[in-house]
Amino acid sequence: MAKRIIGTTPKQDGYRMPAEFEKQSGCWMLWPERNDNWRDGAKPAQAAFVEVAEAIVKYEKMTVCVSHEQYANARARLSPAIRVVEMSSNDAWIRDCGPTFVVNDHGGIRGVDWSFNAWGGLYDGLYFPWDKDDSVAQKVCEIENIDSYRTENFVLEGGSIHVDGEGTVLTTEMCLLSEGRNPNMTRSEIETLLCEYLGCEKVLWLKDGIDPDETNGHIDDVACFVRPGEVACIWTDDENNPFYEVAQEAYRALSEATDAKGRKLKVHKLTMTKKPVLLKGAETIDRVEGTQPRKNGEISIASYMNFLIINDAVILPQYGDENDALAVRQVQEMFPERDVVGVMTTEVAYGGGNIHCITQQQPCSTCVGKWQE
Ligand code: KQY
């Protein structure tokens, strides 16, 4: 039976979060359907989610969790290789409400079930209620028969952290020190909890993210580890780009940083879109009190950085932008040993995130350290 672990932390028990580039046993997604977030009854978003899931299942096991109401539709649209299981959720951002998996050196795997409050709770969260999302991590762990740590008094989303699997965690001040998450905790208390629950020794803080109104600046739109000692960082030298300053500052900070092992980081530049991606079709999104209204012409957060690393491949967002091909080339240079698979995901960007935000990789606990093969 899957247990809830209380009183110890992954670090105390010898567990750590592996890097995304380590071997995986599979990947999880949720099915989008809420009409007050996704345009056109979520049908275009569902088509984009299908494309992402089908790209992943060519390389590793894929599970899509879906409500009872949408089960038959999802089952019919997804190929038989994809496992489809019924699960309630408030929306479809499993990076943020799903478990963060941690492993030990003896083939053990557990989940971290962070408290989830829809990116800021009643302070500046994106919807209410969020109770179904908050149960997703436990349910995934139950399905996999994995014990889980619940951080009852610590709010965090998976999209706000990246790790190198060797002791370093990367995050942003804008998100982790935001008023809507853990307002009574000091920066040093937050660092301690991050290190305890991710099995890390050092926290690298970037200042800002690029989506203050959405997730309060998740790191997964700005930078990530590509291998130990190497990171990718968004880059533009176009001063008119709305994210110019954030990108320049993130690149500068990472270029000066050292990781938990004392290595100076090598920083790879990843382009941003040439033109901002602007929301269309907002009139087909339901207006519901308590949910952020969306307007035509507002900037959708469309970062190539929101890619997912899986076994033998990287699944990369594409937006129909002039810089799509450049992004593919740059990511291929970072990952010469993997396929780079572009998937058109403008529709996911319209909903507020991208491929990394809608997926959650499950590490292969018995192949720890085998990422280089
Ligand atoms: O991780 C994310 N980017 C989630 C964004 C949620 C957006 C809800 N409209």
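Everything quoted here is computed from the prediction, not taken from an experiment. As the structure lists them, so they are numbered: ligands from 1, and atoms in each ligand from 1.
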Side chains of [Y] and [X]: any donor to acceptor distance under 3.5 Å?
| X | Y | result |
| --- | --- | --- |
| Lys202 | Thr258 | yes |
| Tyr304 | Asp221 | no |
| Gln46 | Gln70 | yes |

Practice problem: Quick one: sort the Trp93 and Trp119 rings into parallel, tilted or perpendicular, breaks at 30° and 60°. | Solution: perpendicular
Quiz item: Is the NZ or CZ atom of Arg77 positioned over Trp31's six-membered ring, under 6.0 angstrom from the centre and within 45° of the axis?
Solution: no
What does the contact table look like for ligand 1 (nitrogen or oxygen on each side, cut-off under 3.5 Å)?
| residue | atom | partner | partner atom | Å |
| --- | --- | --- | --- | --- |
| ligand 1 | 1 (O) | Asp96 | OD2 | 2.6 |
| ligand 1 | 3 (N) | Gly352 | O | 3.1 |
| ligand 1 | 9 (N) | Asn37 | OD1 | 2.5 |
| ligand 1 | 9 (N) | Glu214 | OE2 | 3.2 |
| ligand 1 | 9 (N) | Arg294 | NH2 | 2.9 |
| ligand 1 | 9 (N) | Gly351 | O | 3.1 |

Practice problem: Take atom CD of Glu189 as the centre, draw a 6.0 Å sphere, and report whether it contains more than 12 heavy atoms from other residues, nucleotides or ligands. | Solution: yes
